[in-house]
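Below, read A as the first sequence line, B as the second, and so on, with proteins coming before strands; counting in each chain starts at 1.
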There are 2 protein chains.
Amino acid sequence: MAVKPDHEFGFHRTRKKTLAVRRSALQSGPAKAPAGQRVSSRGTTREMVDTAVRTGLLTGRFVPGKPVTIRGLAAEIGVSPMPVREVLQRLAAENALEVKPNGRVQVPDMTPARFDEVLKARLLLEPELAELALPHLFGDAAGELKAIDDDIDACLHSGDAESYMRLNHAFHFRIYRASRSKVLLPLIDSLWLQFAPFMRTVYGRVGTAILEDRHKEAIRAIELNDTQALRAAIKADILDGMGFLGREILSDGPTG
Amino acid sequence: MAVKPDHEFGFHRTRKKTLAVRRSALQSGPAKAPAGQRVSSRGTTREMVDTAVRTGLLTGRFVPGKPVTIRGLAAEIGVSPMPVREVLQRLAAENALEVKPNGRVQVPDMTPARFDEVLKARLLLEPELAELALPHLFGDAAGELKAIDDDIDACLHSGDAESYMRLNHAFHFRIYRASRSKVLLPLIDSLWLQFAPFMRTVYGRVGTAILEDRHKEAIRAIELNDTQALRAAIKADILDGMGFLGREILSDGPTG
DNA sequence: GTAGCGAATTTGTGATCACAAAATGACACG
DNA sequence: CGTGTCATTTTGTGATCACAAATTCGCTAC
């Protein structure tokens, strides 16, 4: 592990002027701000920590197996341990993190059985949600997706795995979010949080050049308002990407 | 709101001898125990609160729409607000509870759209998990399920809705848990936590006498090791129970 | 009697403290 | 040189405090 990377997050609270504070500045906490203007009055700190850790997981900044400590994360982000505790509990409840019997929390290791289940669940749920979203994908939606996909192509050529993962997530969830789903969407969210960190380790080994996506087929299906074609494109995209990952995991054993 | 029910939980920490304490008894907290013997060394309080609230939700002791306060729950169970906070965060992450913009947390109201999504997700996931569980359901499994189903029949006749819900959950998850699933099972767990409270309010209105379940068909399919029959039985059981609930929600509008 | 307003209470949130268990490291002994 | 043991540090957990926002309640004015 050599040197501890000081900037694992690009999210350090600015330490001089925090985005949102409620304290009256007569405390000595790590997040000190004399007169911060707050955007939303209540519960902004936890939300900030939550999105920070979530995007960290989705872009693979957390390594599976490496323990995540409350105080460590709190110090990195620049807040007290309290909001971090709650965020880690939340993510553990979504199976994005794993609490070991000692109380230590870490990114779960990927196993073949787990991988098969995630793949199965994705194939069941995501085409369904895409179908639900299709009626809401009108107007500029196809254009937005095309823009994201262009950026993805650029990342694939340049080999920027982190940006690729962020954009790939953005592409899929631009579709899914349109469904306004309050049930299926969180389930799929949980699934992505589970396989993303593992995905990242694979890309780190073999690069992203091999990847091809079915996004253009999906965009075309959306433009044509073709439900079955959209389902097929989503399904094919999942199978391509995950099938590729699956071969990796089977060849190398459970992560490493 | 009349009188506050003092015994909403049958789970009051005994106040004299707690099950598991780590504190050295020189504190003045609400959970005081001079020399409690502890079963599991670490993190037992939160686990206790978690199962308490979870079973409370599954058996319908929480009313949709009624706010759940941290301090209130903590006082009822007899612990400090701290573990309750984390448990509520966990359950909110599983969409079993809803955090309103003010920070107040309550059981979400059921809406027709939500209901459709839960139904759809259950139909997609639960037959799949039952199929995965089937190879592990040998030996006395069918006998256990038969015993549970007998109790269910008794509850249906006596109209004990709370016991019915607890046993119905036990029946389904006796099957699902056998799959040793680490991915699909939590997803289905989340779904049950979402519709159970609403289910309870319906039963409270119309009783349980109308219900018939497909559990016997499922047991027979397990005995015969018939995958398709098991899938069909689970699917039919979901459709019967939820279809019945669906007619209720559509006739009366979003909960009430 | 009712509507509007202000005080008092409730409630969520972040911070800090205390303690025990686990992890880590150093050191002595074989 | 390896191994077991003990001291030190790290870490999770529960409790408590302080504060602000939101809610609730009571009172007054019309």
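- In this structure, the CG atom of B/Asp50 is 13 Å from the P atom of D/dT13, given to the nearest Å.
- Between the CD atom of A/Glu76 and the P atom of D/dT11 there is a distance of 11 Å, given to the nearest Å.
- Rounded to a whole Å, the CD atom of B/Gln89 is 13 Å from the C1' atom of C/dG14.
- The side-chain contact (heavy atoms from CB on, under 4.5 Å) search around A/Thr59 returns A/Arg61, A/Glu162, A/Arg166, not counting sequence neighbours.
- Rounded to a whole Å, the NZ atom of A/Lys100 is 13 Å from the P atom of C/dA22.
- Within the 4.0 Å cut-off from OP1 or OP2 of C/dA23, at least one side-chain nitrogen or oxygen of A/Asn102 is found.
- At the heavy-atom level, B/Val68 lies under 4.0 Å from the strands shown only through sugar-phosphate atoms.
- Minimum interatomic distance between A/Ile148 and A/Arg174 (heavy atoms only, all atoms of both residues): CD1-CB, 4.5 Å.
- Rounded to a whole Å, the CD1 atom of A/Ile70 is 14 Å from the C1' atom of C/dA22.
- At D/dT13, one or more side-chain N or O atoms of B/Arg46 fall inside 4.0 Å of OP1 or OP2 (strictly under the cut-off).
- Distance, A/Glu86 CD to C/dT13 P: 7 Å, rounded to whole Å.
- When heavy atoms are screened at a 4.0 angstrom cut-off, A/Val84 is found touching no nucleic acid atom at all.
- Regarding B/Glu47, its CD atom lies at a distance of 10 Å from the P atom of D/dG14, rounded to whole Å.
- For the pair B/Leu88 CG and D/dG14 P, the computed distance is 14 Å after rounding to whole Å.
- Checking side-chain atoms of A/Gln89 against main-chain N and O of B/Gln89 turns up no donor-acceptor pair under 3.5 Å.
- Comparing D/dT11, D/dG14, C/dG14 by their closest approach to the side chain of A/Ser80 singles out C/dG14.
- Side-chain N/O atoms of B/Ser190 and B/Gln194 include a donor and acceptor closer than 3.5 Å.
- Side-chain N/O atoms of B/Arg85 and base N/O atoms of C/dG14 include a donor-acceptor pair closer than 3.5 Å.
- Looking at the side chain of A/Pro83, the nearest of the listed nucleotides D/dT11, C/dA15, C/dT13 is C/dA15.
- The side chain of B/Arg71 lies closest to C/dG12, out of C/dA23, C/dG12, C/dG14.
- Taking the side-chain contact (heavy atoms from CB on, under 4.5 Å) definition, one finds that A/Glu126 meets it with A/Arg122, A/His172, A/Tyr176, A/Ile188, A/Trp192, A/Ile234, A/Ile238, sequence neighbours left out.
- Checking A/Met82 against B/Thr69, the closest nucleotide of DNA chain C that is more toward the 5' end is the one next to B/Thr69.
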